[in-house]
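Structure, as structure tokens:
Along the sequence shown, residues carry numbers from 1. Fair warning: this is a prediction, and the values are worked out from it, not measured in the lab.
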Amino acid sequence: MAERPIVQTIALRKTYNPGTSKEVEVLHGVEMQAFAGEFVAIIGQSGSGKSTLLNILGALDTPTSGQVLIDGIDSATLSSDQLASLRGTKIGFVFQFHHLLEEFTCLENALMPVSIQKGAPEKDDIAYAKKLLTRVGLESQMNKRANQMSGGQQQRNAIVRALCNKPKLVLADEPTGNLDSHSGAEVFALMREIAKETGVAFLMVTHDDRLAAAADRILRIEDGLMTEIIPPSGYPTK
């Protein structure tokens, strides 16, 4: 039996202000998929539909038509509560700005999704968070508050937060965009390694051609349509 994609879209369309003079279709039948352990870069000009696509994949927005399957579940068939549960159990998010809570420690921030889902983390949850924080080089930072860490450390903390619920899919929106080139390269390499180690599917929106070229695959959105670049012709290979 063929491997089932972790995330898949089928004839995905998104239209804003339908039926009005301001109607605009942002996504025009997007078809894409990503598998366990795969690291996929999504590129495109500003306004091409990248953020809209990411919001729909993350169950933060709904498509006008078409399907989004997350680990085989059609998100369009779910209630609001079920969508919230899907986000909390199947999907992790990493943003350009880490959005850590400054009044909480590194460990507490990492465990935030677990605390939201369960009310309080269990011993196994805490042990897993500590394991991940150690894996990303934050063992000595666990009890420090967010504002006591560097930008690169904060973003690594945010990556662990995205992974603590053991999601199937991580959506990263310009995750290195707020970092210097050295820290950005470190964070990117870390995400790629973790994708392979954990089997999580990573989808990363980026404007950085060099990072995109190092992904397993590159998907380009242009005028609401998606194409795949194999090999990444016209992109640096190192």
Side-chain angles (χ1 to χ4, degrees), residues 4-9 32-42 50-51 53-61 68-73 75 78 82-101 104 106-118 121-122 124-138 146 152-179 186-206 211 215-216:
R4 183 177 71 186
I6 295 297
V7 59
Q8 181 178 14
T9 67
M32 57 80 63
Q33 58 187 16
F35 294 87
E38 192 174 30
F39 198 100
V40 179
I42 300 175
K50 300 188 305 299
S51 294
L53 175 62
L54 222 61
N55 285 339
I56 292 174
L57 295 179
L60 298 170
D61 196 0
V68 179
L69 304 176
I70 306 294
D71 199 25
I73 300 169
S75 61
L78 303 181
Q82 289 171 326
L83 282 172
S85 178
L86 179 75
R87 286 192 297 270
T89 58
K90 300 282 188 181
I91 305 170
F93 298 89
V94 183
F95 304 100
Q96 178 175 350
F97 298 97
H98 52 76
H99 298 301
L100 299 177
L101 299 176
F104 291 93
C106 173
L107 178 59
E108 290 168 339
N109 268 292
L111 285 164
M112 198 60 63
V114 178
S115 299
I116 292 171
Q117 281 293 113
K118 297 183 177 181
E122 299 172 359
D124 287 349
D125 299 319
I126 295 170
Y128 185 62
K130 288 182 175 180
K131 176 183 176 182
L132 288 175
L133 289 170
T134 299
R135 168 65 185 79
V136 302
L138 294 179
Q153 289 171 334
Q154 290 172 331
Q155 196 66 321
R156 280 182 271 159
N157 195 173
I159 292 169
V160 172
R161 179 183 58 192
L163 293 166
C164 264
N165 263 352
K166 299 181 180 179
K168 297 287 187 176
L169 170 68
V170 170
L171 302 173
D173 191 0
E174 295 285 358
T176 64
N178 200 40
L179 301 174
E186 283 188 341
V187 165
F188 172 80
L190 189 60
M191 289 190 298
R192 282 219 60 185
E193 290 169 11
I194 288 175
K196 302 303 181 190
E197 291 170 9
T198 64
V200 173
F202 266 81
L203 290 183
M204 178 188 71
V205 166
T206 183
L211 295 186
D216 295 322

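- Between Thr89 and Asn165, every side-chain heavy-atom pair lies at or beyond the 4.5 Å cut-off.
- Between Ser115 and Pro121, the shortest heavy-atom contact is OG-CD, 3.4 Å.
- Checked by atom type and distance alone, the side chain of Glu197 never pairs as donor or acceptor with a backbone atom of Ile194 at under 3.5 Å.
- Once rounded to the nearest 0.5 Å, the distance linking CD1 of Ile6 with CG of Leu169 reads 8.0 Å.
- Panel note: side chain Gln155, backbone Phe95; a donor-acceptor pair is recorded below 3.5 Å.
- Closest heavy-atom contact between Ala41 and Thr206: CB-CG2, 4.5 Å.
- Within the 4.5 Å cutoff, the side chain of Ser51 has no heavy atoms near those of the Val205 side chain.
- A distance of 6.5 Å separates CD1 in Ile73 from CG in Leu78, rounded to the nearest 0.5 Å.
- Residues Arg87 and Leu60 are in side-chain contact: their nearest non-hydrogen atoms beyond the backbone lie under 4.5 Å apart.
- Side-chain atoms of Glu38 and Phe202, non-hydrogen and from C-beta on, never get closer than 4.5 Å to each other.
- Under 4.0 Å is where a charged nitrogen must lie from a carboxylate oxygen, and between Asp71 and Arg4 at least one such pair does.
- Residue Val160 comes nearest to Ala110 through the heavy atom pair CG1-CB, 3.8 Å, listed as atom of the first residue, atom of the second, then distance.
- Counting heavy atoms from C-beta on, the side chains of Leu86 and Ser75 come closer than 4.5 Å.
- For the atom pair OG1 of Thr9 and CD1 of Ile70, the computed distance is 9.5 Å after rounding to the nearest 0.5 Å.
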>> Between Arg135 and Leu190, is the side chain to side chain contact (heavy atoms under 4.5 Å, CB included) condition met? List the steps.
In response: CA-CA 9 Å; Arg135 168 65 185 79; Leu190 189 60; 3.4 Å; yes

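- The distance from the OG1 atom of Thr198 to the CD atom of Glu193 is 11.5 Å, given to the nearest 0.5 Å.
- The shortest side-chain heavy-atom distance between Gln33 and Phe35 falls under the 4.5 Å cut-off.
- Atom CG of Leu100 and atom CD of Gln153 lie 11.0 Å apart (nearest 0.5 Å).
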> Would Val170 and Leu163 count as a side chain to side chain contact (heavy atoms under 4.5 Å, CB included) if you check the C-alpha gap in whole Å, the side-chain angles of each, and the deciding distance to 0.1 Å?
Replying inline: CA-CA 8 Å; Val170 170; Leu163 293 166; 3.9 Å; yes

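- Scanning all heavy atoms of the two residues, the minimum distance from Val200 to Pro167 falls at CG2-O, 3.4 Å.
- In this structure, Lys90 places its NZ atom where more than 12 heavy-atom neighbours from other residues, nucleotides or ligands lie under 6.0 Å away.
- Taking both residues in full, the closest heavy atoms of Gly37 and Asp216 are given as O-OD2, 4.1 Å, listed atom of the first, atom of the second, then distance.
- Taking the ring centre of Phe39 as origin, the terminal cationic atom of Lys196 falls outside the region bounded by 6.0 Å and 45° from the ring axis.
- Residues Thr134 and Leu138 are not in side-chain contact: their nearest non-hydrogen atoms beyond the backbone lie 4.5 Å or more apart.
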>> What verdict does the side chain to side chain contact (heavy atoms under 4.5 Å, CB included) test give for Gln154 and Asn109, after you've listed the backbone C-alpha separation in whole Å, the side-chain angles of each residue and the deciding distance to 0.1 Å?
In response: CA-CA 10 Å; Gln154 290 172 331; Asn109 268 292; over 6 Å; no

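- Proximity of a side-chain donor or acceptor of Asn157 to a complementary backbone N or O of Cys106 within less than 3.5 Å is detected.
- The shortest side-chain heavy-atom distance between Met32 and Leu203 falls under the 4.5 Å cut-off.
- Closest approach of Ala162 and Val94 over heavy atoms only: CB-CG2, 3.7 Å.
- Taken to the nearest 0.5 Å, the CD1 atom of Ile42 stands 9.5 Å off from the CG atom of Asp173.
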> Run the side chain to side chain contact (heavy atoms under 4.5 Å, CB included) check on Met204 and Val40 step by step: do they pass?
Replying inline: CA-CA 6 Å; Met204 178 188 71; Val40 179; over 6 Å; no

